[in-house]
Engineer: 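Can you read through this structure? Questions will come right after.
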There are 2 protein chains.
Amino acid sequence: MSERVVPATARQRRRPTKQGVVLSGELIVETAMRLIEEHGADALSVRRLGRALGADPSPLYRYFRHTDELMLAIADELIGRTLRGWRPTGDWRADLRELGLRMHAGALAHPRAATLSAHRVTGRTYEIQAVETILGILRNAGFPDAEAVRVYHAFVDQALAYGALDSASTALPKPARDAEADVWRATYARLPATSHPHIAATARHLVASMRNSSYPAALDLLLTAAEARLAQSRAGKRLVGD
Amino acid sequence: MSERVVPATARQRRRPTKQGVVLSGELIVETAMRLIEEHGADALSVRRLGRALGADPSPLYRYFRHTDELMLAIADELIGRTLRGWRPTGDWRADLRELGLRMHAGALAHPRAATLSAHRVTGRTYEIQAVETILGILRNAGFPDAEAVRVYHAFVDQALAYGALDSASTALPKPARDAEADVWRATYARLPATSHPHIAATARHLVASMRNSSYPAALDLLLTAAEARLAQSRAGKRLVGD
DNA sequence: TTCACAGGTCAACGGTGTTGTCATAAGGTG
DNA sequence: CACCTTATGACAACACCGTTGACCTGTGAA
């Protein structure tokens with residue numbers, strides 16, 4: 001069995017499927033994202049994707065080695081869409097804040113695709129572009145290389161982690177989400193002070209607080225800490241310098 | 001069809017399976033966790049679980065409505081184990097740090113349960129116990145109720161978000177996980193400085209840093225911020241006091 | 001000792017990812 | 001324009017998955 005997957009550039013015969021669709025890596029990724037957004041993450045299966053494309057599932061394996069590789073392609077497309085339209089202002093802190101909020105918003109806008117792809121390193125074009133951009137912001141701001149990487153890592157992990165967390169509940173079917181919200185009111189808010197004094201004392205705050213995302217606060221926390229580090233490293237450099 | 005799932009207390013006839021095993025909710029959860037620990041997250045399926053128990057898969061549905069409910073039970077057991085053996089020292093910051101690290105480690109040990117439960121509230125006994133414990137630490141440390149809830153929320157979300165993020169890769173099939181680890185070395189570390197100057201300049205640091213979780217750093221950041229808030233609120237109270 | 005029925009077994013349904021084999025039309029060549 | 005190669009899509013099969021309905025049997029109360 002020679003190579004099953006043929007790179008896009010090496011493809012020569014664009015043969016339409018029985019239903020007249022001309023397949024391509026892009027079309028497959030596009031259709032997959034549409035499927036996820038419209039019918040939920042569970043709706044994405046090789047067979048359903050084939051059906052949605054108007055093709056047999058098996059030729060998909062001539063474009064992606066396995067489902068996982070397709071997932072990575074979807075993830076990268078998501079990154080690309082998130083970055084599209086963004087322009088740096090030159091203020092590193094403002095830029096990072098904007099990027100973080102965009103990534104978070106992007107995850108919320110494509111909740112199902114986000115939950116699927118948040119934890120993967122794609123190594124594809126858009127992701128590489130994003131990494132280069134963020135590292136550039138930090139290094140241009142004056143962060144030493146090692147420190148820039150540390151901040152980059154913390155920043156990206158945080159955006160991905162909260163993006164996945166917050167979009168996961170968005171992706172739940174409505175009744176499940178309502179049931180979820182009710183647990184705080186129906187279960188926690190009713191615990192007696194005798195057995196659970198701390199929960200009982202704060203029940204009102206709990207019900208109110210657990211509805212909102214804690215990401216913006218966490219992001220600002222991170223940026224403030226980074227700023228402090230930057231000031232430190234500048235002071236150190238001045239000392240060593242001359 | 002009357003109720004299929006019978007609550008543990010209402011069970012009356014303990015009938016052994018063909019292979020002589022007496023089923024119970026506890027035994028099922030225990031076996032499921034053992035399966036995950038011994039053969040990876042992928043090894044957990046209703047059918048395999050049945051086989052491991054020495055029983056047909058179908059009676060499991062007399063104990064849990066569906067796989068999801070089993071996962072929640074596993075998640076709660078996970079919380080229970082996390083707390084078991086932990087003793088408060090009286091130093092709120094050290095206690096929270098220890099709890100956070102334990103939660104994170106627990107998530108890594110049981111990735112599938114962690115991923116599932118990160119954005120869900122189980123409302124089960126161990127979860128309630130954990131909420132009560134954490135709120136108690138904060139209130140005893142002197143955090144006012146509203147502030148205690150705010151810190152609680154940030155702390156828990158962070159632990160869950162990073163737990164899910166970091167454990168998601170653990171839940172991947174082995175080949176995918178290996179490929180993942182290689183992307184930084186094989187793809188990023190080889191980008192030319194001409195096209196990607198910032199990545200090229202920091203490649204060495206990237207390869208080293210991206211292996212580790214950024215959770216411990218993020219946790220310390222959060223605790224430091226909380227400590228500052230606590231000092232502020234104490235100062236405010238003194239002012240208002242007399 | 002009897003006997004209702006709880007709690008097992010069994011078989012089946014419709015789904016999944018993936019692969020080996022086959023048919024056919026695309027597109028270069030004479 | 002006809003031919004031929006072969007790239008690429010179709011088909012069928014495999015082994016798995018979660019879940020359910022029908023059935024059987026041993027438990028434990030009467």
Side-chain angles (χ1 to χ4, degrees), chain A residues 1-25 27-28 31-32 35-36 39-72 74 116, chain B residues 1-28 32 35 39-72 74 112 116 171-176:
Chain A
M1 178 182 55
S2 61
E3 262 315 309
R4 194 141 201 168
V5 172
V6 180
T9 54
R11 242 157 234 286
Q12 17 190 319
R13 304 186 188 175
R14 322 317 329 265
R15 177 183 185 172
T17 71
K18 259 194 171 174
Q19 301 186 35
V21 185
V22 176
L23 295 178
S24 73
L27 181 62
I28 293 173
T31 309
L35 215 55
I36 293 176
H39 302 101
D42 300 344
L44 188 59
S45 74
V46 179
R47 300 175 107 100
R48 253 200 279 246
L49 182 51
R51 232 177 292 140
L53 280 161
D56 191 81
S58 61
L60 301 191
Y61 290 90
R62 297 208 195 264
Y63 293 84
F64 302 95
R65 251 185 289 278
H66 33 240
T67 331
D68 212 68
E69 202 171 282
L70 171 60
M71 291 298 183
L72 291 186
I74 295 175
L116 280 177
Chain B
M1 178 181 55
S2 62
E3 261 318 306
R4 192 141 201 166
V5 172
V6 181
T9 53
R11 246 158 229 287
Q12 19 190 316
R13 302 186 189 174
R14 323 314 332 265
R15 177 184 186 171
T17 71
K18 259 193 170 175
Q19 301 188 33
V21 184
V22 177
L23 296 178
S24 73
E26 288 84 7
L27 180 63
I28 293 173
L35 255 181
H39 301 102
D42 300 345
L44 188 60
S45 74
V46 179
R47 299 177 108 102
R48 255 198 279 245
L49 181 52
R51 232 176 293 141
L53 280 161
D56 191 82
S58 58
L60 301 192
Y61 290 91
R62 297 204 196 267
Y63 292 83
F64 302 95
R65 250 184 291 276
H66 33 241
T67 327
D68 240 50
E69 201 169 284
L70 171 60
M71 290 298 183
L72 288 185
I74 294 176
R112 272 183 63 170
L116 239 169
L172 287 175
K174 278 163 241 152

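The sequence lines fix the lettering, A, B, ..., with proteins before strands; numbering per chain opens at 1.
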Engineer: Tell whether R47(B) reaches the base of dG18(D) with its side chain through a donor-acceptor pair below 3.5 angstrom.
Structural biologist: yes
Engineer: Taking protein heavy atoms under 4.0 Å as touching, what does nucleotides 1-10 of chain C look like 5' to 3' if B marks base contact, S marks sugar-phosphate-only contact and - marks none?
Structural biologist: ---BBBBBBB
Engineer: Looking only at non-hydrogen atoms, find the nearest pair between F64(B) and V5(B) and report the distance.
Structural biologist: C-CG2, 3.8 Å
Engineer: Could you tell me whether a side-chain N or O of R14(B) sits under 3.5 Å from a main-chain N or O of L23(B), the two making a donor and an acceptor?
Structural biologist: yes
Engineer: Nearest-Å distance, CE (M71(A)) to P (dT16(C))?
Structural biologist: 13 Å
Engineer: Evaluate the criterion side-chain contact (heavy atoms from CB on, under 4.5 Å) for residue pair L60(B) and L49(B); output intermediate values, then yes/no.
Structural biologist: CA-CA 9 Å; L60(B) 301 192; L49(B) 181 52; 3.8 Å; yes
Engineer: Could you tell me whether H66(B) atom NE2 has more than 12 heavy atoms of other residues or ligands within 6.0 Å of it?
Structural biologist: yes
Engineer: Search all heavy atoms of A43(A) against all heavy atoms of L35(A) and return the closest pair with its distance.
Structural biologist: O-CD2, 3.8 Å
Engineer: Donor-acceptor pair, R48(B) side chain versus D42(B) backbone, under 3.5 Å?
Structural biologist: yes
Engineer: Measure CZ/R65(A) against P/dG17(C) and give the value in whole Å, please.
Structural biologist: 18 Å
Engineer: Using atom CZ of R48(B) as one end and atom P of dT19(D) as the other, report the distance to the nearest whole Å.
Structural biologist: 16 Å
Engineer: Output the rounded distance in Å from OH (Y61(A)) to C1' (dC11(D)).
Structural biologist: 15 Å
Engineer: List in numerical order all residues of residues 39-46 of chain A for which some heavy atom is under 4.0 Å away from an atom belonging to DNA chain D.
Structural biologist: none
Engineer: Might you point out which heavy atoms bring V46(A) and Y61(A) nearest each other, and give the distance in Å?
Structural biologist: CG2-OH, 3.6 Å
Engineer: What's the verdict on side-chain contact (heavy atoms from CB on, under 4.5 Å) for D56(B) and K18(B), showing C-alpha distance, side-chain angles and the deciding distance?
Structural biologist: CA-CA 9 Å; D56(B) 191 82; K18(B) 259 193 170 175; over 6 Å; no
Engineer: Specify the separation, in whole Å, of atom CG of D68(A) and atom P of dG17(C).
Structural biologist: 12 Å
